[in-house]
Amino acid sequence: MAVTILFLGPLADMAGAESKDVEAPLDWAGLLEVVGSDVADQLTQERVNIACDGRVLADKTALNAKDGDEVALLPPVSGG
Amino acid sequence: MAVTILFLGPLADMAGAESKDVEAPLDWAGLLEVVGSDVADQLTQERVNIACDGRVLADKTALNAKDGDEVALLPPVSGG
Amino acid sequence: MKDVRLLTEPFIPGAFVGPFTQANPGLGGVCTFVGEVRPNKDGQGEGQGEGQGEGQGTKDDWGVEALELSHYEPLTLPGMEALADEAIARFDLMGLLMVHRVGKLRVGEPIVLVSAAARHRRGAIDAVDFCMDHLKAAAWFWKREKRADGWHWIEPREDDYADLARWDKGP
Amino acid sequence: MKDVRLLTEPFIPGAFVGPFTQANPGLGGVCTFVGEVRPNKDGQGEGQGEGQGEGQGTKDDWGVEALELSHYEPLTLPGMEALADEAIARFDLMGLLMVHRVGKLRVGEPIVLVSAAARHRRGAIDAVDFCMDHLKAAAWFWKREKRADGWHWIEPREDDYADLARWDKGP
């Protein structure tokens with residue numbers, strides 16, 4: 001197994017994919033390396049959140065994804 | 001013809017009637033005389049309005065109803 | 001489009017709101033409020049609900065059996081029309097629907113319906129809020145409710161006057 | 001009663017609101033907001049309406065052909081449930097209905113429906129206002145719209161964030 005990175009909303013366009021599987025474990029530095037510079041730039045912005053295993057991280061730089069985890073990259077939302 | 005006084009809402013209970021025909025013309029002093037003391041007490045309160053001929057009077061003491069006019073006594077409202 | 005009505009018979013809100021929404025193509029949002037005759041007595045000592053008076057003392061805790069709304073023909077509908085015009089202008093509405101019952105109503109029957117269609121949600125929601133506050137405490141209706149001990153006239157609560165005052169424009 | 005749904009197919013608001021109202025006997029009032037996909041371009045240079053972005057520059061004046069709403073399954077529905085719980089507690093609601101579309105939507109289709117039943121009108125109206133502000137700028141949805149030149153992602157406007165901030169409780 002591996003870690004699946006999900007690109008939500010506009011990040012999918014930026015990444016050129018909706019998801020990407022990478023080797024576990026995956027931390028913040030590792031994430032920034034594998035997502036490409038455009039997405040990495042977004043991730044460093046405060047308004048972009050990260051969820052790991054279905055939970056939004058209070059501190060995204062504390063990311064520590066293990067085998068089988070899904071890491072969702074969550075840009076600013078717009079509903080309604 | 002005459003002046004018809006209409007008692008709206010709780011004023012009808014107080015007056016014991018929904019309307020009353022009186023001789024024209026009818027002014028403020030005349031109105032207070034013919035409606036009975038309970039209704040007269042109400043009329044002197046600011047929150048009770050008077051309409052003459054379908055228009056609410058800005059100054060009810062300026063009432064000057066002529067033959068055929070309808071004088072509506074309007075207590076505090078409650079809709080919705 | 002503006003649609004203002006006084007009804008003497010029970011109505012089904014959806015039968016008005018559906019066609020109203022259809023009649024305003026291109027809208028961004030529709031906000032609707034429906035007030036119904038409450039059976040009273042919410043079990044929490046909070047007094048009465050919409051369409052009835054509140055805070056009138058212990059008799060409020062008695063069950064409501066019926067409600068009667070009276071109005072004054074020459075003023076009531078023209079007043080509602082003027083209120084609708086004001087709301088349309090103030091909140092930049094595409095359409096406004098305003099329906100009010102008069103006569104005798106039973107518990108559970110709708111008393112009032114206000115529906116506002118606008119390009120933006122803020123206008124639609126605020127318009128409904130504005131119209132309800134005015135219908136409640138500044139439109140030509142008088143209502144009384146029948147409880148076990150007979151009919152009681154209902155006046156607006158202090159809260160209703162306070163709600164109304166929110167819309168006063170500054171000097 | 002609480003009823004929170006994510007729908008992938010078009011829905012008719014009245015088909016939800018009617019049964020919801022029936023399911024809350026004894027209510028004083030029901031407030032409902034329905035947001036629809038606007039064709040854009042209100043002819044007054046005001047930008048976009050509900051369900052779409054506003055103030056994103058001149059391309060906003062182009063007609064909208066379709067809207068697509070995406071979400072993130074593990075967060076979106078639980079987030080809506082939590083929002084509903086918060087609204088029910090905060091505004092003392094008897095019931096709350098919250099329906100949100102995902103997937104591709106055409107112009108005129110409902111995107112979102114919030115309906116609140118309460119004993120008092122203020123609670124019902126404020127709850128709808130509260131839920132809409134949060135669904136708009138603090139729920140897990142992403143939306144893009146198709147215009148003549150292709151798809152464009154939409155972010156909340158500054159106004160949406162300002163609307164949301166109204167509900168912050170003091171320290």
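In the text below, chain A, chain B and the rest are named by the order of the sequence lines, each starting its count at 1.
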**Q** Assess whether atom CZ of D:Arg90 is packed by more than 12 heavy atoms of other residues, nucleotides or ligands within 6.0 Å.
**A**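 Yes, enclosed.
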**Q** Examine whether an atom of C:Asp163 lies under 4.5 Å from a heavy atom of chain D, and if so say whether it belongs to the side chain, the backbone or both; otherwise answer neither.
**A**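 Contact with chain D involves the side chain of C:Asp163 alone.
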**Q** Compile the donor-acceptor pairs under 3.5 Å between side chains in residues 9-33 of chain C and protein atoms, sequence neighbours left out, one pair per line.
**A**
residue : atom : partner  : partner atom : Å
C:Thr21 : OG1  : C:Val17  : O            : 2.9
C:Asn24 : ND2  : C:Phe20  : O            : 2.9
C:Thr32 : OG1  : C:Ser115 : OG           : 2.8

**Q** Looking at C:Asp129, C:Asp133, C:Val34, which one forms a side-chain contact (heavy atoms from CB on, under 4.5 Å) with D:Arg121?
**A**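 So, applying the side-chain contact (heavy atoms from CB on, under 4.5 Å) to D:Arg121 and each of C:Asp129, C:Asp133, C:Val34, only C:Asp133 qualifies.
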**Q** Does any part of the side chain of C:Arg122, heavy atoms only, come nearer than 4.5 Å to the side chain of D:Met132, both counted from C-beta?
**A**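 Not in contact.
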**Q** Count the heavy atoms belonging to other residues, nucleotides or ligands that lie under 6.0 Å from CD of C:Glu73, then report whether that count exceeds 12.
**A**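 No, not enclosed.
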